[in-house]
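If you're wondering where the values come from, they're calculated on a predicted model, not measured in any experiment.
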There are 2 protein chains.
Amino acid sequence: MSNIKEYINNNKERFIQELLELLKIPSISADSAYKNDVLNTAQAVKTSLEQAGCDTVEICETQGYPIVYGEKTIDKKLPTVLVYGHYDVQPPDPINLWDSPPFEPVIKTTDKHPEGAIFARGACDDKGQMYMHVKAFEYMINTNQLPCNVKFMIEGEEEVGSSNLAIFVKNNQEKLKNDVILISDTGMIANDVPSITTGLRGLSYVELEVTGPNRDLHSGLYGGAVANPINILAKMIASLHDENNHITIPGFYDEVEELSPEERAEMAKAPFNLEAYKKALNINAVYGETGYTTNERNSIRPTLDVNGIWGGYTGEGAKTVIASKAYAKISMRLVPNQDWKNITELFTKHFTNIAPQGVTVKVTPHHGGQGYVTPIDNIGYQAASKAYQDTFGKTPIPQRGGGSIPIVSLFEQELKSKTILMGFGLDSDAIHSPNEHFGIFNYLKGIETIPLFYKYFTELSK
Amino acid sequence: MSNIKEYINNNKERFIQELLELLKIPSISADSAYKNDVLNTAQAVKTSLEQAGCDTVEICETQGYPIVYGEKTIDKKLPTVLVYGHYDVQPPDPINLWDSPPFEPVIKTTDKHPEGAIFARGACDDKGQMYMHVKAFEYMINTNQLPCNVKFMIEGEEEVGSSNLAIFVKNNQEKLKNDVILISDTGMIANDVPSITTGLRGLSYVELEVTGPNRDLHSGLYGGAVANPINILAKMIASLHDENNHITIPGFYDEVEELSPEERAEMAKAPFNLEAYKKALNINAVYGETGYTTNERNSIRPTLDVNGIWGGYTGEGAKTVIASKAYAKISMRLVPNQDWKNITELFTKHFTNIAPQGVTVKVTPHHGGQGYVTPIDNIGYQAASKAYQDTFGKTPIPQRGGGSIPIVSLFEQELKSKTILMGFGLDSDAIHSPNEHFGIFNYLKGIETIPLFYKYFTELSK
């Protein structure tokens, strides 16, 4: 694969242009107002896989948004790589904090991306990283260097829990049969510090509703005499962490995998600058569970965060009202061994138990998924590591990720194969935030590195 | 004033129709989108005062919405009654909880209003109660029975703090000179249990902003490692009450007027049915400060309530984000002797002090006002009491109100006269809530009772 650099050089403008077109479609799976855009994105992905050289590409309907499935089989005796990605994106709000419209991609340079970065919702998560695989595949086909079979499974509901993908996977085990699953939906430490994510956190996402009086009340006539659902919700949320920021839900930590001192020492080797971290976020201090470092808090430890809260009068000016209802969305990041369904039950039970007289609470589970770990002695990991060594000139650092791709543990369970997480984004790329972006360097480096994974994985499989 | 009943009977349809027209104008002072409607309402009030028989009516411009001022002087040697009311209304949201559009008044009967009630925002607070005075005045003019001089001061910013009225009052002490101030902007216990409000709570209204990281963050990559502004805000709000629901702000209770056992025993005589109260609100328990009854909690005790809270993702579905900012609106109801400016300072100082590292907080005072008490041996109170005895056949019960009319204490300070609060609404009329309404019985009973107040006040002033 000596000519990959040359191929990228000759085609890079087109690679970028094709991605920009894909980013213009607002495929927001969480908001039904964008249904047609999500469906159009699926069609665009299908077309791109056909043009890249798949034998067959289908739009597989589900109860929700469809899954785009494509494959290229060159020899049944050779190994098969299953590529997973998603074409849906997070909602862009708060929209007013974007420097340019989220679905009108622009290229700008940043400190971390001197060669330029594409600013758009989904640029990094996950359209940009997913499309690297399509272009890497195109290269291998056009230069007749595809060393093994490949299957693509690109879904449209990753940002809302992949519930229909789970059903699809369960029902299509033969079709999806593979030797390794390859995903680019995570990050690396820095452009000059390549890393491979070896672990992901699980997730439990719940929505809360606290109801007090049956109607909004005048805070003068009733203030002090009835339970105010917002005050109560605040009190209940506050009680979910103790003074050491340990989560207080009974049984929450029972299954948590505790790392050995050696493993923690290994983790501590990853380059990390606390001052730079605080400066980048403009905070005067980090905050979290007593007894753990920042890198541990956001990777090997479970968390509980309120992702949204609302109730009462939130408009301009003042309204002296006691709201009838208050709401919150809460997500818990889980670590390997914590069962997300069990945690969701523990949360629901606890939150209901701590509700004081005078209010009623409703907990609605949204979605969730298990944590995941890839052993680094696995040949998939080895192949990825060798690929990075070739393209970055450095051995990548195995790194635990704090994010969640709930479907990954289900892949292992249903398809009996390991997943390799070759992420090329940076934490600073602002995924899920205003001004999400993806470095041109990272995009092209991904396209360059992926074919080498195919090469080494095929060799190591012999 | 023997023919008042007859006059009301002959004009009742017109009285109702005129009020319905006034209620159709959405004079929401808190929302600048309704500016023209608020201004049009001022014009409508001006016209109604002219038609009722004022000598002069002016629209007095302010920095904000204008004050409608009208007067009728029959003899400088006679006493002067200053009528205060407001033509602005609270925002109607949550709009979806209204059974009929808030600015399309309809008349429906209810358990408490078998003769029908007008459903519309402002029906009771305060357009309906303010308009009773216009019609009572019309009666006295048309039947040549006005026993004294009268001045009307109807403002358009009561629901947003009356800051410009305060300036107007300070600058027009001679013009506003009076012997008693009469206001109908409170309630009574029941249609067969007349009461007069002898005390009002003060108010301090603040808006809070808690800022964590400088942008919204992915809760997987940063969750557990940085202070989440929503979790922190919840924690800070929760800490404002202790386990007995005492407010924890240092110095908050220093000036609170403690009632004597005798006074509390007197208060306890007011009819109150806890089961009916809970049933009406569909709550399984009341909630509040340990050691006080429900009627004490919402009248003689200060409170702290969150009136609104928002932050993060509040849309459909799930977004795993750590918000950069979280917000809340908080109002504190104060009792006589508590200085609202001092309390606002104490709150600001305390809230800033308890902010943990990792976030910054901003407290913005909205508005406020002092509490107020009217002694029942005052001739204004006596005149009102006699008026109710004539029209209701019962001596009204003196009652402390939980609400606030911040301007009342300023009236006493600047104009050196006492305010009499003749309220004809019911607590169940849902002021500040969806489906606000005002009983036809109450509206007409107010028109019937008010002229008798003029009569007795003039007699007792001799």
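- Contact annotation for Y277(A): only side-chain heavy atoms (C-beta onward) come within less than 4.5 Å of a heavy atom of chain B.
- Note: A225(B) leads A225(B), S239(B), G312(B) in heavy-atom pairs under 4.5 Å with chain A.
- When all heavy atoms are compared, the tightest approach of A238(B) to A238(A) is CB-CB, 3.7 Å.
- Considering only heavy-atom pairs separated by less than 4.5 Å from chain B, the leading option among G403(A), G212(A), S331(A), G288(A) is G403(A).
- Comparing Q357(B), R333(B), E296(B), R215(B) by heavy-atom pairs within less than 4.5 Å of chain A, the highest count is held by R333(B).
- When the candidates T294(A), N245(A), V321(A) are compared by the number of heavy-atom contacts under 4.5 Å with chain B, V321(A) comes out ahead.
- Put simply, CD on E436(A) and CG on D216(B) are 12.5 Å apart, with the number rounded to the nearest 0.5 Å.
- Judged by distance alone, the side chain of Y205(B) and the main-chain N or O of G317(A) form no donor-acceptor pair under 3.5 Å.
- Comparing S32(B), A323(B), A328(B) by heavy-atom pairs within less than 4.5 Å of chain A, the highest count is held by S32(B).
- Using modelled atom types, one side-chain atom of N284(B) and one backbone atom of G358(A) make a donor-acceptor pair closer than 3.5 Å.
- Looking at T314(B), its side chain never comes within 3.5 Å of a backbone N or O of G308(A) through a donor-acceptor pair.
- With a 4.5 Å cut-off on side-chain heavy atoms, N282(B) and P213(A) do not count as touching.
- Proximity of I322(A) to H432(B): side-chain heavy atoms (C-beta onward) are nowhere separated by under 4.5 Å.
- Proximity to chain B (any heavy atom under 4.5 Å) is shown, for P229(A), by neither the backbone nor the side chain.
- Ranked by heavy-atom pairs shorter than 4.5 Å toward chain A, the options I330(B), I431(B), V359(B) are led by I431(B).
- In this structure, CG in L281(B) is found 5.5 Å from CG in L217(A), a value given to the nearest 0.5 Å.
- Counting heavy-atom pairs closer than 4.5 Å to chain A, the top-ranked of the candidates I230(B), N295(B), D93(B), N435(B) is I230(B).
- Listed for the K329(A) side chain is a donor-acceptor partner under 3.5 Å among the backbone atoms of G315(B).
- Only the side chain of T303(A) comes within contact range of chain B, with at least one heavy atom under 4.5 Å from a heavy atom of that chain.
- Between the side chain of N307(B) and the backbone N or O of T320(A), no donor-acceptor pair lies under 3.5 Å.
- Residues N228(A) and Y287(B) fail the side-chain proximity criterion, which asks for heavy atoms closer than 4.5 Å.
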- Do W310(A) and Y313(B) pass the side-chain contact (heavy atoms from CB on, under 4.5 Å) test, and can you show the C-alpha distance, the side-chain angles, and the key distance before you say yes or no? CA-CA 9 Å; W310(A) 67 103; Y313(B) 183 66; over 6 Å; no
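- E316(A) contributes atom CD, which lies 11.0 Å from atom CD1 of I28(B) (distance to the nearest 0.5 angstrom).
- Between the side chain of N214(B) and the backbone N or O of A280(A), at least one donor-acceptor pair lies under 3.5 Å.
- N298(A) places a side-chain N or O within 3.5 Å of a backbone atom of L221(B) that can act as its donor or acceptor partner.
- Formation of a donor-acceptor pair under 3.5 Å by the D305(B) side chain with backbone atoms of G223(A) is not found in this model.
- The candidate with the highest count of non-hydrogen atom pairs below 4.5 Å against chain A, out of K319(B), R201(B), H366(B), is K319(B).
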